[in-house]
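Working notes, structure below.
One-based numbering, in listed order, for ligands and for the atoms of each.
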Amino acid sequence: MWRRVASVSHLFSHSKSTKFNQGASTFKIWETFTSESEIPTPSKGSPFVTFVLGGPGSGKGTQCAKIVEAFGFTHVSAGDLLRREIASGSAYGSVILSTIREGKIVPSQVTVELIQKEMESIDNYKFLIDGFPRSEENRKAFEQTIGAEPDVVLFFDCPEQEMVKRVLNRNQGRVDDNIDTIKKRLEIFDELNWPVINYYSQRGKLHKINAVGTVDEIFEKVRPIFAPLSK
Ligand SMILES: Nc1ncnc2c1ncn2[C@@H]1O[C@H](COP(=O)(O)OP(=O)(O)O)[C@@H](O)[C@H]1O
Ligand SMILES: Nc1ccn([C@H]2C[C@H](O)[C@@H](COP(=O)(O)OP(=O)(O)O)O2)c(=O)n1
Ligand SMILES: [Mg+2]
């Protein structure tokens with residue numbers, strides 16, 4: 001069952017009543033997950049949550065688009081939600097912008113609240129949460145606020161040099177896609193990502209994917225993970 005155990009609604013003005021905290025009919029926590037080759041079978045009405053991890057430029061967003069197409073997931077990108085918040089001119093926009101520009105991680109309550117609102121607004125039960133959790137703080141905030149764990153965690157493992165090359169060629173006009181910010185992002189990624197990876201590895205939820213190769217080659221490594229799910 002998904003339940004909100006800590007309210008962060010003081011950060012944003014919206015209703016406290018959510019589809020995630022309305023009782024036993026909603027969302028299940030998968031406490032154990034024993035085999036890396038098996039995924040839990042989702043039941044209609046329960047969310048199937050996949051966290052998508054990897055450094056900047058490792059190909060998370062690109063692979064998410066392929067997974068959406070093949071398996072009918074809804075893509076929820078933490079970075080996109082934060083950029084949307086900046087563009088909306090919200091009170092938090094300028095703080096989010098300066099945090100991203102500095103290559104740092106936005107406070108977890110802000111990001112989790114945005115993810116939660118987005119999930120609540122979507123009429124699907126299969127979610128890809130891209131670029132989250134980027135730290136143990138992120139991970140714990142999601143658990144505490146939403147009261148759930150992911151079913152599957154993908155980790156796109158990519159050498160730094162390749163990530164830098166891809167980000168510098170990304171051409172999306174992002175404030176963090178410059179060499180100075182990338183260096184900081186990679187340092188922070190190196191410092192904060194591994195505890196999250198270890199956590200999910202120990203819980204048998206982690207699928208580590210070598211992210212070097214063509215987009216299609218990488219997707220062929222992703223596909224079998226979700227093959228048991230129909231679209
Ligand atoms: N396998 C790949 N090989 C080469 N370039 C790639 C590959 N996957 C993605 N890219 C490109 O690298 C850049 C970063 O990819 P993206 O999916 O945005 O990564 P992330 O979301 O992890 O930062 C994009 O310009 C994308 O088109
Ligand atoms: N969980 C998250 C996700 C993103 N952010 C911020 C900090 C990140 O550098 C930016 C951009 O994230 P995004 O996932 O879009 O970046 P990449 O696709 O990995 O290049 O957003 C965050 O603070 N916390
Ligand atoms: Mg991305």
Side-chain angles (χ1 to χ4, degrees), residues 11 49-69 75-87 92-116 118-119 127-143 145-146 150 153-193 195-197 209-222:
L11 290 165
V49 174
T50 297
F51 283 159
V52 184
L53 310 182
S58 59
K60 301 181 294 298
T62 303
Q63 292 299 321
C64 281
K66 306 274 291 179
I67 299 166
V68 165
E69 197 186 334
H75 182 199
V76 177
S77 157
D80 285 350
L81 293 177
L82 292 166
R83 285 184 284 274
R84 196 167 82 188
E85 195 66 11
I86 295 168
Y92 299 99
S94 59
V95 180
I96 296 171
L97 176 60
S98 55
T99 308
I100 288 179
R101 209 194 286 278
E102 288 166 26
K104 295 182 180 161
I105 307 291
V106 172
S108 297
Q109 294 139 301
V110 172
T111 313
V112 169
E113 183 86 1
L114 292 173
I115 291 171
Q116 185 179 37
E118 187 71 4
M119 290 174 74
F127 294 98
L128 293 170
I129 314 285
D130 167 7
F132 186 95
R134 272 188 150 92
S135 64
E136 280 286 275
E137 196 218 6
N138 265 188
R139 180 184 70 70
K140 288 175 188 165
F142 185 92
E143 262 176 40
T145 303
I146 298 182
V153 179
L154 303 181
F155 170 46
F156 291 101
D157 191 23
C158 195
E160 269 196 25
Q161 225 184 342
E162 177 69 16
M163 291 195 276
V164 171
K165 194 175 85 185
R166 290 183 191 176
V167 167
L168 291 178
N169 287 327
R170 181 151 49 185
N171 250 342
Q172 290 177 354
R174 282 174 46 171
V175 294
D176 50 349
D177 281 356
N178 59 78
I179 190 65
D180 290 338
T181 309
I182 292 163
K183 279 186 192 158
K184 287 181 201 147
R185 293 182 69 196
L186 286 170
E187 274 170 29
I188 288 174
F189 172 74
D190 212 33
E191 183 188 335
L192 302 182
N193 174 61
V196 179
I197 295 297
I209 294 146
N210 180 349
V212 179
T214 68
V215 170
D216 286 344
E217 281 167 355
I218 294 160
F219 186 61
E220 288 314 313
K221 297 181 218 165
V222 171

Quick one: look at N138 and ligand 2, take heavy-atom pairs under 4.0 Å, and tell me if it's side chain, backbone, both or neither.
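The answer is the side chain.
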Which residue supplies the protein heavy atom nearest to [atom], what is that atom called, and how far is it?
{"atom": "atom 7 (C) of ligand 2", "answer": "K104 O, 3.5 Å"}
{"atom": "atom 16 (P) of ligand 1", "answer": "T62 OG1, 3.6 Å"}
{"atom": "atom 22 (C) of ligand 2", "answer": "L82 CD1, 3.6 Å"}
{"atom": "atom 14 (O) of ligand 2", "answer": "R134 NH1, 2.9 Å"}
{"atom": "atom 21 (O) of ligand 2", "answer": "I100 CD1, 3.6 Å"}
{"atom": "atom 8 (C) of ligand 2", "answer": "R185 NH2, 3.8 Å"}
{"atom": "atom 25 (O) of ligand 1", "answer": "R170 CA, 3.6 Å"}
{"atom": "atom 20 (O) of ligand 2", "answer": "R170 NH2, 2.8 Å"}
{"atom": "atom 1 (N) of ligand 1", "answer": "G213 O, 2.8 Å"}
{"atom": "atom 10 (C) of ligand 2", "answer": "D176 OD2, 3.8 Å"}
{"atom": "atom 11 (C) of ligand 1", "answer": "R166 CD, 4.4 Å"}

Parallel, tilted or perpendicular: rings of F132 and F142 (30°, 60°)
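Tilted.
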Quick check against the 3.5 Å criterion: does R134 have a side-chain atom that pairs as donor or acceptor with the backbone of L192?
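Absent.
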Hey, is the main chain of K165 close enough, under 3.5 Å, to the side chain of N169 for a donor-acceptor pair?
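Side chain of N169 to backbone of K165: a pair is present.
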Number the atoms of ligand 2 from 1 as they appear, then name those within less than 4.0 Å of a heavy atom of [X], with their elements.
{"X": "F132", "value": "1 (N)"}
{"X": "G79", "value": "12 (O), 13 (P), 15 (O)"}
{"X": "V106", "value": "22 (C), 23 (O)"}
{"X": "P56", "value": "19 (O), 20 (O)"}
{"X": "R83", "value": "11 (C), 15 (O)"}
{"X": "G131", "value": "1 (N), 2 (C), 3 (C)"}

Taking V76 as the fixed residue, which of L81, D130, L128 is the one that meets the side chain to side chain contact (heavy atoms under 4.5 Å, CB included) rule?
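Of all the options given, the one that passes is L81.
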Check: [X] N/O within less than 3.5 Å of ligand 1 N/O:
{"X": "E162", "value": "no"}
{"X": "A211", "value": "no"}
{"X": "K60", "value": "yes"}
{"X": "S58", "value": "yes"}

So for ligand 2, is [X] a polar contact partner (N or O within less than 3.5 Å, distance only)?
{"X": "I105", "value": "no"}
{"X": "R174", "value": "yes"}
{"X": "A78", "value": "no"}

Roughly how far, to the nearest 0.5 Å, is the NZ atom of K104 from the OG1 atom of T181?
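Reported value, rounded in 0.5 Å steps: 11.5 Å.
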Is [Y] paired with [X] through a side-chain N to carboxylate O contact shorter than 4.0 Å?
{"X": "E217", "Y": "K221", "answer": "no"}
{"X": "R139", "Y": "E143", "answer": "yes"}
{"X": "K66", "Y": "E69", "answer": "no"}

Is I218 touching ligand 1 with its side chain, its backbone, both, or neither, if touching means heavy atoms under 4.0 Å apart?
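Under 4.0 Å from ligand 1, I218 contributes side-chain atoms alone.
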Are more than 12 heavy atoms from other residues, nucleotides or ligands located less than 6.0 Å from atom CD of Q172?
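Enclosed.
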Please list all pairs passing the ring-ring contact (aromatic ring centres under 6.0 Å, His included) test where one or both residues lie in residues 155-182, with sequence neighbours left out.
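Of all non-adjacent pairs touching residues 155-182, those that pass ring-ring contact (aromatic ring centres under 6.0 Å, His included) are F155-W194.
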Looking at ligand 1, does G57 have a heavy atom less than 4.0 Å from it?
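Yes; G57 lies near enough to ligand 1 that a heavy-atom distance drops under 4.0 Å.
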